[in-house]
2 protein chains.
Amino acid sequence: MLKYILLGFLNYSPMTGYDLKRIIDHSTAHFWHAYHSQIYTTLARMEDEGLLTSETDDSDDKLSRRVYTITPTGQAALAAWQRQPLTSLPHGKNELLVRLFFSADRKTEEVLDELRIQRRLHQQQLELYNHIYLDDYLNEAPPTEQQNVAREMVFWQMTIDFGRAYEQMYLAWLDETINKLTELD
Amino acid sequence: MLKYILLGFLNYSPMTGYDLKRIIDHSTAHFWHAYHSQIYTTLARMEDEGLLTSETDDSDDKLSRRVYTITPTGQAALAAWQRQPLTSLPHGKNELLVRLFFSADRKTEEVLDELRIQRRLHQQQLELYNHIYLDDYLNEAPPTEQQNVAREMVFWQMTIDFGRAYEQMYLAWLDETINKLTELD
DNA sequence: GCACACATGTAAGGCGTTACATGATTAA
DNA sequence: TTAATCATGTAACGCCTTACATGTGTGC
């Protein structure tokens with residue numbers, strides 16, 4: 001999956017692993033995250049596969065930046081991935097639900113404390129979506145053609161809308177769950 | 001994580017890998033899923049770690065069932081895990097959002113088709129939560145003490161409520177997104 | 001006789017996380 | 001001079017998925 005995120009961004013313009021890390025942190029991180037270690041190793045593998053080429057940029061003295069450029073093969077791989085629609089649901093993973101599922105033998109107050117911690121975290125996450133996210137991304141975004149920016153923003157906004165809807169749902173469920181547990185005594 | 005799910009179920013009663021697979025499929029699968037291959041290898045590793053013991057049940061002639069039992073060490077590990085609350089948010093992974101994020105250069109109709117496929121899948125998932133899920137689990141559930149069943153059901157129900165809220169949110173977002181895209185032409 | 005559920009494993013490969021490791025530039 | 005940011009990598013380990021592999025019991 002990371003492979004296609006890297007192809008997607010490099011299809012806008014050539015970049016270094018460091019640039020990609022920063023852009024991912026400010027854009028896709030809320031629905032797909034990656035550590036720099038994985039980014040660098042994946043870029044190297046993709047170059048071996050012929051999807052990218054790289055050259056060391058020595059314009060600034062000693063600071064060596066390895067700039068990656070997408071190849072026609074890479075663009076074809078990206079297009080092929082886009083053409084093939086998702087036809088299944090992912091296997092959701094939610095550690096909090098696992099913990100809650102096995103919480104019948106825990107003290108109610110202990111479980112409530114844990115849910116309140118999660119409530120605070122999700123509240124913060126929602127505030128991030130409401131105030132920071134779009135501006136943040138637009139500042140970090142790679143240069144794109146003027147005429148396509150509007151259309152791109154429509155799609156980016158949809159992912160932000162999802163994040164906001166997700167956090168609102170999560171908070172509502174946490175509140176409902178906390179209430180039910182409080183009345184359980 | 002699977003380790004604690006296995007400890008959680010084996011804390012109710014001794015079981016085989018096959019039993020655990022079936023119970024997981026009918027209970028935690030919607031928030032944590034595992035293939036039988038991972039279950040068997042994890043059980044073996046846990047026995048090495050002293051969290052479980054196993055014995056081959058030869059009561060039925062040739063059909064060999066390896067029954068795992070939780071040890072005091074295993075119960076201590078489960079209790080320690082329960083006591084340590086979750087204090088962070090997981091890194092969400094959502095392939096559909098990745099695809100949507102890089103969809104500005106795709107044909108609108110192609111993207112709409114993909115979203116409609118997802119809509120159908122999530123609709124099915126929601127119907128599962130509304131009709132089948134609880135009954136299904138109660139039939140597969142391991143025997144527990146009468147007095148604790150009511151409290152356990154409260155917690156199980158909370159995970160089902162989450163699933164339902166999640167699918168409802170997802171469907172609402174898909175509808176909104178489909179509408180916005182339809183009006184984009 | 002055949003299909004389906006029961007039952008248990010191994011192997012390979014990819015993905016993701018944490019830690020280790022290094023070094024330059026820039027602003028306070 | 002010291003901290004933050006820029007910049008790039010390697011190593012180890014564990015988790016997850018897919019595929020391979022085998023065999024019995026039960027009901028139609």
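Just the heavy atoms: all of them, side chains too, but no hydrogens, waters or symmetry mates, feed the values below. All chains are named by letter (A, B, ...) in the order of the sequence lines, taking the proteins before the strands, and each is independently numbered beginning at 1.
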Length of the [atom1]-[atom2] vector between [X] and [N], whole Å:
| X | N | atom1 | atom2 | answer |
| --- | --- | --- | --- | --- |
| A:I39 | C:dT17 | CD1 | P | 12 Å |
| B:I24 | D:dT17 | CD1 | P | 12 Å |
| B:K21 | C:dT8 | NZ | P | 13 Å |
| B:L43 | C:dT8 | CG | P | 9 Å |
| B:H26 | C:dA5 | NE2 | P | 11 Å |
| B:M15 | C:dC6 | CE | P | 15 Å |
| A:H36 | D:dG9 | NE2 | P | 10 Å |
| A:R45 | C:dG13 | CZ | P | 14 Å |

By nearest atom, which of the nucleotides [options] is closest to the [X] side chain?
| X | options | result |
| --- | --- | --- |
| A:Q38 | C:dA5, C:dT17, C:dT10 | C:dT17 |
| B:T16 | C:dT8, D:dT8, C:dG9 | C:dT8 |
| B:R66 | C:dG16, D:dG9, C:dT8 | C:dT8 |

(request) Working to the nearest 0.5 Å, report the span between CD of B:E167 and CD of B:Q123. (result) 9.5 Å
(message) Please confirm whether the ring centroid of B:F102 lies under 6.0 Å from the ring centroid of A:F155.
(response) no
Any [X] side-chain nitrogen or oxygen under 4.0 Å from OP1 or OP2 of [N]:
| X | N | result |
| --- | --- | --- |
| B:Y18 | C:dT8 | no |
| A:Y40 | D:dT8 | yes |
| A:R22 | D:dT5 | no |
| A:K93 | D:dC16 | yes |
| B:Y35 | D:dT18 | yes |
| A:R65 | D:dA7 | yes |
| A:S37 | D:dA11 | no |
| B:H33 | D:dT17 | yes |

(message) Parallel, tilted or perpendicular, judged at 30° and 60°: which one describes the rings of A:H91 and B:Y35?
(response) perpendicular
(message) Need one value for B:T42: base, sugar-phosphate or nothing, where a base atom within 4.0 Å counts as base even if backbone is also close, heavy atoms only.
(response) nothing
(message) Between B:G17 and B:H91, which residue's closest nucleotide on DNA chain C lies nearer the 5′ terminus?
(response) B:G17
(request) Flag the pair B:L96 / B:L115 as yes when at least one side-chain heavy-atom distance between them is below 4.5 Å, and no otherwise. (result) yes
(message) Can you tell whether the side chains of B:R22 and B:D19 come within less than 4.0 Å, N to carboxylate O?
(response) yes
(request) Measure from NZ or CZ of B:R99 to the centre of the six-membered ring of A:W81, then state whether that distance is under 6.0 Å and the direction lies within 45° of the axis. (result) yes
